[in-house]
Number of protein chains: 2
Amino acid sequence: MKLSRRDMLKGVGGALLGTALGAGSVLVARDRLDAAAGPSVAELPWSYKTLDLDSAAENAYDGYYAGACCYGAFHSIITELAKTVGAPFNTIPTAMMIYGEGGIAGVGSVCGALNGAAAAIFLVAGGMDKKKREPAFELIRDLYTWYEQNPLPDYKPRKPKYEIIKSVSRSNLCHASVSTGCKAAKVKSFSKERSERCAWLTASVARHTVDQLNKYAAGNLKMMSLSSEVKTCRSCHDQGGAIENTRGMMDCGGCHFKGPSKHVKI
Amino acid sequence: MKLSRRDMLKGVGGALLGTALGAGSVLVARDRLDAAAGPSVAELPWSYKTLDLDSAAENAYDGYYAGACCYGAFHSIITELAKTVGAPFNTIPTAMMIYGEGGIAGVGSVCGALNGAAAAIFLVAGGMDKKKREPAFELIRDLYTWYEQNPLPDYKPRKPKYEIIKSVSRSNLCHASVSTGCKAAKVKSFSKERSERCAWLTASVARHTVDQLNKYAAGNLKMMSLSSEVKTCRSCHDQGGAIENTRGMMDCGGCHFKGPSKHVKI
């Protein structure tokens, strides 16, 4: 799926400043206020300006060691925007996103880097109105599909602590991604090497997110497709299917029908 | 696990205003600034004040229909705090949290209500410093265990659209929780009845979160335990175990060794 500039304009849904477009950046009028929030909160989407990929990645890597995965990805993108756009990005308490560490407070649910990146995407590409949500949702889904299907991490920081082996997670879940990475590298899940993998992964996710947003702003983002397997599953189990008993766009086969039905004997 | 007032004081980690404690509320000094964010962003944790449970639940229910599950839970708690505490809660762009809808942009990953509630918890009970994260993480884990182990939704809104049957999800994932609820109620996953279930669930999660925070602030929160099954799994697979190949505190048996190893013949 390729988004045209027209789609993008519809997507961000705001009054774009034409002069800024020529410079490869997107600025959305912030004169409308979010009535649901406080009187001083600007309505979404907030202004986006083309960012440097490697700078975002390096900041996310450092951010991982300061506040873990979710904070690392979110803080990197928001502070890059605070530097280039300014307000209101500098009013966000990015430390709130530390909550997403280790699949949210170490619970092992959704990968924190993906969680933080999704919040940042929605802030600059989403909106309260249902129609305004979809462009951001499409970007987020594209990011999640990329994460599940590709050998990661695909960004090596300038000053790495260890060398990291790539692996395909087939899941957006922290505990599944960690297990896959540990198996590939033959390291333990609480080792420094595993932690370094998550730091590279945070940098990779932040870099890819910024790459998506830059292309989206320029109107030339080409999105990935769900795998044919997932499409087959969804044709029966998702909206409009004969069974219609679930929802989602995760890589079904990453978990379902994969392992044994019983634990090995111990 | 019961948190004493002493633990709570250590937890919020700030200079508590002694006079406010007597009134059953917690106010944390906001004179320290988050150096990592903008110059005007107050350091975490932000002030918390005892909130009304049913008011939070009703607002979350309405919030679900305005901006879905993640927004519903987060917006409810933050706007309740904006009303009772004021700044800086009224500076938060709560619409950002719409991203968590349907397990993040409809992907079916972590339940949005849980995701939004976790962010709100961290804002009022967490902090940048590693030691300050733990009290918030414990609260979040406790919320997630409660969600997995209990028949939900356990809050019925004042003006419900449908009657909803309770079920035990054994998972913090949207698609798993949706499937369990659909099976129990014999409804389809994109039906209005399923949507109403998620609205009740959002209200239930917001209400329970506020109940946790109120008790935490009063120093009398008693936390749940992980199930013995999860403890057994973690004794080998988590930190310090012989295998140590994953991390997490999800209900392992909610997904693993549950279904058949192959799809039924179609």
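Lettering follows sequence order; numbering is per chain, from 1. No hydrogens, no waters, no symmetry mates; every other heavy atom, side chains included, goes into these values.
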Counting only non-hydrogen atoms closer than 4.5 Å, does [X] touch chain B with its backbone (N, CA, C, O), its side chain (CB onward), both, or neither?
| X | result |
| --- | --- |
| Arg141(A) | both |
| Cys255(A) | neither |
| Ala119(A) | both |
| Leu173(A) | side chain |
| His237(A) | both |

Please round to the nearest 0.5 Å and tell me the distance separating atom [atom1] of [X] and atom [atom2] of [Y].
| X | Y | atom1 | atom2 | value |
| --- | --- | --- | --- | --- |
| Phe257(A) | Lys262(B) | CZ | NZ | 11.5 Å |
| Ser189(B) | Asn245(A) | OG | CG | 6.5 Å |
| Arg247(B) | Ser179(A) | CZ | OG | 11.0 Å |
| Ile92(A) | Ile92(B) | CD1 | CD1 | 6.5 Å |
| Leu123(A) | Met97(B) | CG | CE | 11.0 Å |
| Arg194(A) | Glu244(B) | CZ | CD | 9.0 Å |

Leading residue by heavy atom contact count with chain A [cutoff under 4.5 Å; candidates [options]]:
| options | value |
| --- | --- |
| Ala176(B), Ala66(B), Ser171(B), Ala82(B) | Ala66(B) |
| Ala118(B), Cys70(B), Gly108(B), Cys182(B) | Ala118(B) |
| Ile243(B), Thr145(B), Asn172(B), Val178(B) | Asn172(B) |

### Short side-chain to backbone donor-acceptor contact, Thr246(B) and His175(A), under 3.5 Å
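Answer holds: yes.
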
Could you list the residues that satisfy side chain to side chain contact (heavy atoms under 4.5 Å, CB included) with Thr180(B), not counting sequence neighbours?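 Testing Thr180(B) for side chain to side chain contact (heavy atoms under 4.5 Å, CB included), a comparison that skips the adjacent residues, returns Ser167(B).
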
Which donor-acceptor pairs under 3.5 Å do side chains of residues 98-107 of chain A form with protein atoms, sequence neighbours excluded?
unit_1	atom_1	unit_2	atom_2	d
Tyr99(A)	OH	Asn115(A)	ND2	3.4
Tyr99(A)	OH	Tyr99(B)	OH	3.2
Tyr99(A)	OH	Asn115(B)	OD1	2.7

If we define contacts as heavy-atom pairs under 4.5 Å, which of Glu134(A), Arg133(A), Gln239(A) has the most with chain B?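 Top count of heavy-atom pairs under 4.5 Å with chain B: Gln239(A).
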
- With a cut-off of 6.0 Å (strictly less than), are more than 12 heavy atoms of other residues, nucleotides or ligands near NZ of Lys183(A)?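 Not buried by this count: 12 neighbours or fewer within 6.0 Å.
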
Please test Tyr71(A) against Met128(B) for side-chain contact (heavy atoms from CB on, under 4.5 Å), starting from the C-alpha separation and ending with a verdict. CA-CA 10 Å; Tyr71(A) 170 83; Met128(B) 192 72 205; 3.6 Å; yes

